[in-house]
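Excluded from the calculations below are hydrogen atoms, water molecules and symmetry mates; all remaining heavy atoms, backbone and side chain alike, are included. Lettering follows sequence order; numbering is per chain, from 1.
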There are 2 protein chains.
Amino acid sequence: MNARSTTPAPPAKAPHAHSSAWAADLLRAQIASGELLPGTKLSEQALAESLGLSRNTLRESFTLLDSELIITRIPNRGVFVASPDADDVREIYAVRRTIEPACLAWGPNVDLSALSAIIATARKAHAADDVAAMANANQEFHKQLVLTSGSSLLQELMGRVLARMRLVFHAMSDAPDFHSHYVEQNATLVELLSAGKRQEAAQTLRGYLDMAEAELLRHLADRA
Amino acid sequence: MNARSTTPAPPAKAPHAHSSAWAADLLRAQIASGELLPGTKLSEQALAESLGLSRNTLRESFTLLDSELIITRIPNRGVFVASPDADDVREIYAVRRTIEPACLAWGPNVDLSALSAIIATARKAHAADDVAAMANANQEFHKQLVLTSGSSLLQELMGRVLARMRLVFHAMSDAPDFHSHYVEQNATLVELLSAGKRQEAAQTLRGYLDMAEAELLRHLADRA
DNA sequence: CACCCCAGATTGTTGAACAATCTGAGAATT
DNA sequence: AATTCTCAGATTGTTCAACAATCTGGGGTG
């Protein structure tokens, strides 16, 4: 009854170099990729054993991941991969609706060519029907957008928010394709930016985010 | 050679209730209040002993505080109370310049009466020459501002940023009175808000933040 | 059916131990 | 005298084994 059934023997192990951070990175990646699905319980004993480190060290990793909202820690019950609900979706979009338009309107470091490049990638993925690549490009677009603010703290926050978005998608993997709609919306934003209409771009983005939130909430409600 | 010389005997101790979080709260409060100054080294052994808990548990607290950027952890060297420098100030203001005007311009939950109440408090403190109370009211104002976004994540981020601001002030305690200038600026913002001129309020706030950042950086450079 | 109680399992915390790394001071070298 | 070397002591990183506190699930009992 291991939390992870894929590693019978201790996997590639980092003997003495920030083991707790290393484990946190590993778990973060596995959760982001969908290898560990929302709601999965992470047993301390089993995980520590399979990762080849002690419970205490693993506990430090959990403390970190908990502060990133990637896992949920219930006292005396254990840790679980976070499974965002409707309220979390609203929280996510409240953040995005604040930060992203602000970057469009006032960010000092707009990089139009980088944004255009990402859109080109997304269009290619769309043509090839590669949903995963498209989702990736979409997230990349919004990351690049926040980079505009010149703040690594905001960048981090956005990274965490987008990680939570991925959890939402993983939790409803049978949902229709959300991402294809947004490729052209992003293109519209870049056009507005190129024309110097930054306030208008910000306003437009807010509208897009409202629509996306509503669509997600609708699908979450349907399956409840 | 204790890290804290004020507690000869173990202080009020919480025997069995989330000790690591409890210790983190305590340290956070002591750092915020200036009881522990930037640059202070926090020895694991000494602190664990004086707090009445084990090194392992204290270590979890450190992991948490490190993720909040309140302490700095140097591998194999130890943990220190964070001491922000000029780059950190720029980072802080990059965040504030993004989030706060966005809340003014688009936040869905403006609470004019709450903001006015805080300004009244600040003016009273100003009249009484109570710098600490004024600084407090000023931070409260900006916290309330972010509350406007309706996002607890942003609220948290703002809390951390303001905590870092306090560290900056603690690191240059002999600096002149920064806060008194800003009381009337905040009042101006509320006036613009009441008049419904939200975009103008946002733009004005951006100007204020630019000025504040420049002033802080100037004083930091002077003492370097 | 509801309630109480208990054994088993899991988490929370501890203390001691060892390995790895850093610090600082004295010795050796130039 | 200044610089580099070396090494013992201290501190952090990690592990291990144990115990206390709490939760889970299943029987009995009324």
What is the separation between atom [atom1] on [X] and atom [atom2] on [N], rounded to the nearest whole Å?
| X | N | atom1 | atom2 | result |
| --- | --- | --- | --- | --- |
| N56(A) | dT13(C) | CG | P | 11 Å |
| E49(B) | dT11(D) | CD | P | 12 Å |
| N76(B) | dT12(D) | CG | C1' | 6 Å |
| F62(B) | dT14(D) | CZ | P | 15 Å |
| W22(A) | dG13(D) | CH2 | P | 18 Å |
| I74(A) | dG12(C) | CD1 | C1' | 15 Å |
| E44(B) | dT11(D) | CD | P | 11 Å |
| Q45(A) | dT15(D) | CD | P | 15 Å |

Q) Looking at P38(A) and S83(A), what are the two nearest heavy atoms and their distance? A) CB-CB, 3.6 Å
**Q.** Atom of L154(B), atom of S149(B) and distance for their closest heavy-atom approach
**A.** CD1-OG, 3.7 Å
Q: Check whether any side-chain heavy atom of E68(B) lies under 4.5 Å from a side-chain heavy atom of S67(A), and answer yes or no.
A: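 Side chain of E68(B) against side chain of S67(A), heavy atoms only: no contact under 4.5 Å found.
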(Q) Could you tell me if the side chain of M211(A) sits less than 4.5 Å from the side chain of H181(A), heavy atoms only? (A) no
Q | Pairs meeting criterion salt bridge (Lys or Arg N to Asp or Glu O under 4.0 Å) with involvement of residues 143-167 of chain A, two or more places apart | A |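 Listed once each, the pairs are D88(A)-R164(A).
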Q.
With a 4.0 Å cutoff (strictly under), does any side-chain N or O of S19(A) reach OP1 or OP2 of dG13(D)?
A.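 For dG13(D), OP1/OP2 do not have a side-chain N/O of S19(A) under 4.0 Å.
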Establish whether the base of [N] is bridged to the side chain of [X] by a donor-acceptor pair shorter than 3.5 Å.
| X | N | result |
| --- | --- | --- |
| R59(A) | dT13(C) | no |
| R77(A) | dG12(C) | no |
| R73(B) | dG13(D) | no |

(Q) On DNA chain C, does the nearest nucleotide to R55(B) precede the nearest nucleotide to E60(B) from the 5' side, or the other way round? Give the residue. (A)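 The residue closer to the strand's 5' end, by nearest nucleotide, is E60(B).
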(Q) Judged by each residue's nearest nucleotide on DNA chain D, which is more toward the 5′ side, L58(A) or P75(A)? (A)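 This one resolves to L58(A).
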**Q.** Nearest to side-chain heavy atoms of K41(A), which nucleotide of dT12(D), dT11(C), dT14(C)
**A.**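 Ranking dT12(D), dT11(C), dT14(C) by closest atom to the K41(A) side chain puts dT11(C) first.
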